[in-house]
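To keep things clear, I will list the structure first and then write my remarks on it.
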Amino acid sequence: MTIPPIEQQQFRNAMSRLGAAVNIITTDGPAGRAGFTASAVCSVTDTPPTLLVCLNRSASVWPVFQQNDVLCVNTLASDHETLSGLFGGKTPMEDRFLAAQWSVLTTGSPVLAGAVVSFDCKITHSVAVGTHEILFCEVLALAGDPLTHGLVWFDRRYHPLIRQDAS
Ligand SMILES: NC(=O)c1ccc[n+]([C@@H]2O[C@H](COP(=O)([O-])OP(=O)(O)OC[C@H]3O[C@@H](n4cnc5c(N)ncnc54)[C@H](O)[C@@H]3O)[C@@H](O)[C@H]2O)c1
Ligand SMILES: Cc1cc2c(cc1C)N(C[C@H](O)[C@H](O)[C@H](O)COP(=O)(O)O)c1[nH]c(=O)[nH]c(=O)c1N2
């Protein structure tokens with residue numbers, strides 16, 4: 001029996017049905033400051049606290065993350081749609097960062113003001129799979145705003161998460 005291969009577009013159409021949090025992944029260090037929008041973020045283990053980020057190696061930011069070896073995962077709030085678009089397009093890097101306020105925690109990676117949660121991490125190792133690099137990241141510090149509402153990428157558009165009981 002021959003199993004027909006899943007085409008790229010079929011895979012993307014299927015993945016578009018898998019809702020995901022939207023994040024801006026930032027870094028700063030010897031290679032400079034950079035950031036991009038990512039939905040491919042996942043918890044790996046809590047001992048040591050580790051998450052993963054999948055980054056396309058064709059992105060302009062890839063060499064910067066590779067050299068800095070640190071990053072911050074900033075999970076976006078319901079009012080961050082415009083910011084997500086800036087970090088997900090071909091916008092010049094300085095213009096992306098001018099559109100929001102930033103601080104730092106432990107690694108020096110930019111921490112977004114008003115994020116739902118921020119994970120400040122060192123990249124412990126990475127694995128290449130196809131077009132992407134899976135970055136395994138140990139979490140060194142946390143921040144966040146418990147009053148914010150989340151944002152989900154589903155069906156190729158944003159869905160602000162507003163709790164039914166929110167006043
Ligand atoms: N993991 C990723 O690299 C990823 C995830 C989401 C969106 N994007 C990019 O954002 C843009 C808009 O995406 P969209 O969701 O509106 O429509 P789309 O049809 O390009 O993608 C649909 C879904 O497929 C997956 N996907 C898309 N490109 C991928 C890739 N190169 N590798 C692995 N998975 C991929 C994602 O889950 C995405 O939500 C596109 O340029 C897309 O490539 C990339
Ligand atoms: C909602 C959403 C979600 C994602 C993306 C886009 C958008 C709009 N992009 C694409 C990524 O943000 C884009 O390629 C970067 O801006 C890098 O582009 P430059 O090469 O720096 O212009 C993206 N890229 C990636 O490598 N991993 C990911 O998980 C995602 N997820």
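All ligand and atom numbering here is 1-based and tracks the order in the structure.
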Subject >> Parallel, tilted or perpendicular, as decided by the 30° and 60° cut-offs, for the rings of F36 and F65 >> reply: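 Taking F36 first and then F65, their aromatic rings stand perpendicular (interplane angle over 60°).
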Would you say [atom] makes contact with the protein, given that contact here means a non-hydrogen protein atom less than 4.0 Å away?
atom	value
atom 27 (C) of ligand 1	yes
atom 27 (N) of ligand 2	yes
atom 41 (O) of ligand 1	no
atom 38 (C) of ligand 1	no
atom 23 (C) of ligand 1	yes
atom 10 (O) of ligand 1	no

So, does [X] use its side chain to make a donor-acceptor pair with the main chain of [Y] at under 3.5 Å?
X	Y	answer
D145	L147	yes
H132	V129	no
H125	F136	no
R96	T91	yes
N23	I25	no
N74	P110	yes
R57	G130	yes
S84	T82	no

Subject >> Trace of the salt bridge (Lys or Arg N to Asp or Glu O under 4.0 Å) decision for D155 with R17 >> reply: CA-CA 6 Å; D155 218 6; R17 306 296 297 167; 3.2 Å; yes
Looking at [atom], what's its closest protein heavy atom, distance included?
atom	answer
atom 34 (N) of ligand 1	F11 CE2, 4.1 Å
atom 2 (C) of ligand 2	T37 CG2, 3.7 Å
atom 13 (C) of ligand 2	G88 O, 3.7 Å
atom 13 (O) of ligand 1	W153 CZ2, 4.4 Å
atom 29 (O) of ligand 2	A40 N, 2.9 Å
atom 5 (C) of ligand 1	S39 OG, 3.4 Å
atom 19 (P) of ligand 2	S60 OG, 3.3 Å
atom 16 (O) of ligand 2	F87 O, 2.8 Å

Would you mind running through ligand 2 and noting each atom that sits below 4.0 Å from a heavy atom of [X]?
X	result
R96	16 (O), 19 (P), 21 (O), 22 (O)
G89	16 (O), 18 (O), 19 (P), 22 (O)
L55	26 (O)
K90	19 (P), 20 (O), 22 (O)
A38	4 (C), 28 (C), 29 (O), 30 (C), 31 (N)

Subject >> Shortest non-hydrogen contact from V41 toward V53 >> reply: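 Minimum heavy-atom separation between V41 and V53: CG2-CG2, 4.2 Å.
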Original post:
For the residue pair W62 and N56, what are the closest heavy atoms and their distance?
Top reply: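 Here W62 and N56 meet closest at CB-O, 4.1 Å.
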Original post:
Can you tell me if E133 has a non-hydrogen atom under 4.0 Å from ligand 2?
Top reply: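 E133: no contact with ligand 2 (<4.0 Å).
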Original post:
Among R17, R12, M15, R156, which residue places a heavy atom closest to atom 29 (C) of ligand 1?
Top reply: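 Residue with the shortest heavy-atom distance to the ligand atom: R12.
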Subject >> Proximal candidate to atom 31 (N) of ligand 2 [heavy atom criterion; set A59, C54, S39] >> reply: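 Selected option, by shortest heavy-atom distance: S39.
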Subject >> Reported CZ-to-OG distance for the pair F119 and S43, which is rounded to 0.5 angstrom >> reply: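 Nearest 0.5 Å value for the CZ-OG distance: 8.0 Å.
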Subject >> H132 N/O under 3.5 Å from ligand 1 N/O >> reply: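 The answer is yes, given that H132 and ligand 1 share an N or O pair closer than 3.5 Å.
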**OP:** Return a yes/no value for N56: is any of its N or O atoms, backbone included, closer than 3.5 angstrom to an N or O of ligand 2?
**Re:**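 Yes: some nitrogen or oxygen of N56 is under 3.5 Å from one in ligand 2.
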**OP:** Report the residue from V139, L140, L135 that forms a side chain to side chain contact (heavy atoms under 4.5 Å, CB included) with C137.
**Re:**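 Result: among V139, L140, L135, L135 is the only option passing the side chain to side chain contact (heavy atoms under 4.5 Å, CB included) with C137.
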